[in-house]
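Here's the structure we're looking at; comments come further down.
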There are 2 protein chains.
Amino acid sequence: MVKPNKTGDKRKRLVDAAVSLAYRQGHRKTTLADISEESGVPLGNVYYYFKSRDDIGNAILDAREAEFERLRARLDGLPGPRERLIAFVSMTIRNAPNVAAHGCPMGSLCAEFSKEGGELATRSTALFAGPMGYMAEQFAQLGHTDKADELALQLQASLQGASLLAQSFRDPSLLEREGKRLKGWIKGL
Amino acid sequence: MVKPNKTGDKRKRLVDAAVSLAYRQGHRKTTLADISEESGVPLGNVYYYFKSRDDIGNAILDAREAEFERLRARLDGLPGPRERLIAFVSMTIRNAPNVAAHGCPMGSLCAEFSKEGGELATRSTALFAGPMGYMAEQFAQLGHTDKADELALQLQASLQGASLLAQSFRDPSLLEREGKRLKGWIKGL
DNA sequence: GTCTATACGGCGATAGAC
DNA sequence: GTCTATCGCCGTATAGAC
């Protein structure tokens with residue numbers, strides 16, 4: 001979905017900056033001047049790569065979706081569904097300090113874009129659909145074919161909720177504690 | 001915390017509009033003109049009641065905090081801790097359609113203000129502290145004094161996560177399903 | 001207390017040189 | 001493809017009449 005760029009890395013630098021700033025302070029609060037400064041690309045030049053501010057929002061979604069695809073590929077390298085689920089939770093726990101500072105990279109983006117309206121709101125749905133569908137597949141492979149969706153909902157909700165609480169309280173331990181419990185729960189399934 | 005207003009209801013109308021707009025489209029996206037229009041109070045007059053835009057954010061937090069205090073009072077009228085916990089979940093389920101449209105009234109505000117920085121970020125912590133502390137009290141009264149905090153974390157995380165998922169997918173049933181499961185879980189504790 | 005008019009700055013977006 | 005300069009609007013905030 002990301003347009004290839006033959007010549008330079010400017011577009012990539014712009015997207016990186018936009019993703020990082022949206023994560024740290026929210027996309028709506030982030031100005032084009034912010035992105036220009038953080039990326040080192042001059043302000044007027046931004047419009048060579050993006051036709052509008054909304055277009056940058058779309059690029060942020062593209063980047064986060066691609067991120068999950070890379071994670072999925074790594075998880076697929078693990079031997080079984082239980083290992084994949086546990087690895088997913090472990091990865092979230094390792095990221096707890098970032099989550100406490102800025103929220104879940106996907107969840108906080110969904111929350112913001114969901115209220116933004118328009119195309120961004122619509123597209124942000126897909127961000128959660130990826131991970132949740134993947135979780136449901138793993139639960140099904142574990143033999144819980146009939147309630148795979150329920151288990152995925154339960155796991156994803158707990159992780160997202162704990163992430164939001166960790167973010168609000170600025171306390172990574174909330175996510176770590178809940179993650180640890182969830183790993184035990186998965187092992188016992 | 002809210003300053004009494006002898007003469008009119010203008011301040012209340014402004015706060016109501018600000019709360020509603022922040023819930024529907026986010027506070028950062030909401031302009032003073034939006035609030036002025038929705039409340040019917042002229043734009044220039046807003047600054048008689050609030051000294052700055054940030055001050056309106058504080059008033060929104062005041063209003064949401066007061067809302068929870070009213071809920072707490074109602075829950076305290078119930079006979080026991082189990083009934084209070086279940087009633088809390090039931091209330092969330094009944095609100096599922098709104099949550100699917102705009103998110104959890106408290107959770108979405110925490111998520112936004114948490115990235116806003118400054119005083120609003122600091123204060124938004126208190127929004128979750130109230131409900132979670134109350135939940136922990138109920139679990140303690142149920143006899144789980146040693147793990148009351150863990151159970152409260154678990155319940156609050158599940159509800160918040162399910163609310164976020166319902167919001168993202170625009171599907172109230174996600175919250176209803178998870179809420180139903182949580183009520184069963186509470187009954188079995 | 002209430003409202004109108006407006007100043008001021010910042011932000012998204014464009015024009016056009018190189 | 002890259003960058004400088006700048007426009008026009010919108011949003012916050014203020015001044016001051018009533």
Contacts table for residues 182-189 of chain A: side-chain donor-acceptor under 3.5 angstrom, sequence neighbours left out:
residue   : atom : partner  : partner atom : Å
Lys183(A) : NZ   : Ser90(A) : OG           : 3.1

* To do: Please name all residues satisfying ring pair (Phe, Tyr, Trp, His ring centres under 6.0 Å) with Tyr23(B), sequence neighbours left out, ordered by chain then number.
  => His102(B)

* For Arg170(A), side chain to side chain contact (heavy atoms under 4.5 Å, CB included) partners two or more places apart -> Ser114(B), Ala121(B)

* Asked: If you draw a 6.0 Å radius around CD in Glu37(A), do more than 12 non-hydrogen atoms from other residues or ligands fall strictly inside?
  -> no

* Starting at atom NZ of Lys10(A), determine the distance to atom C1' of dT2(D), rounded to an integer number of angstrom. => 7 Å

* Is any side-chain N or O of Tyr48(B) closer than 4.0 Å to OP1 or OP2 of dT2(C)? -> no

* Structure fact -> Between NZ of Lys29(A) and C1' of dG10(C) the distance, given in whole Å, is 15 Å

* side chain to side chain contact (heavy atoms under 4.5 Å, CB included) partners of Leu78(B), counting only residues at least two apart -> Leu75(B), Glu83(B), Arg84(B), Ala87(B)

* Asked: Tell me, for nucleotides 11-18 of chain D in 5' to 3' order, what letter each nucleotide earns: B for a base near a protein heavy atom under 4.0 Å, S for only sugar-phosphate near one, - for neither?
  -> SSBB----

Distance-only donor-acceptor pairs under 3.5 Å for side chains of residues 142-163 of chain A, two or more places apart:
residue   : atom : partner   : partner atom : Å
Glu150(A) : OE2  : Arg177(B) : NE           : 2.6
Glu150(A) : OE2  : Arg177(B) : NH2          : 2.7
Ser158(A) : OG   : Gln154(A) : O            : 3.0
Ser163(A) : OG   : Leu159(A) : O            : 2.8

* dG12(C) C1' sits how many Å from His27(A) NE2, rounded? -> 12 Å

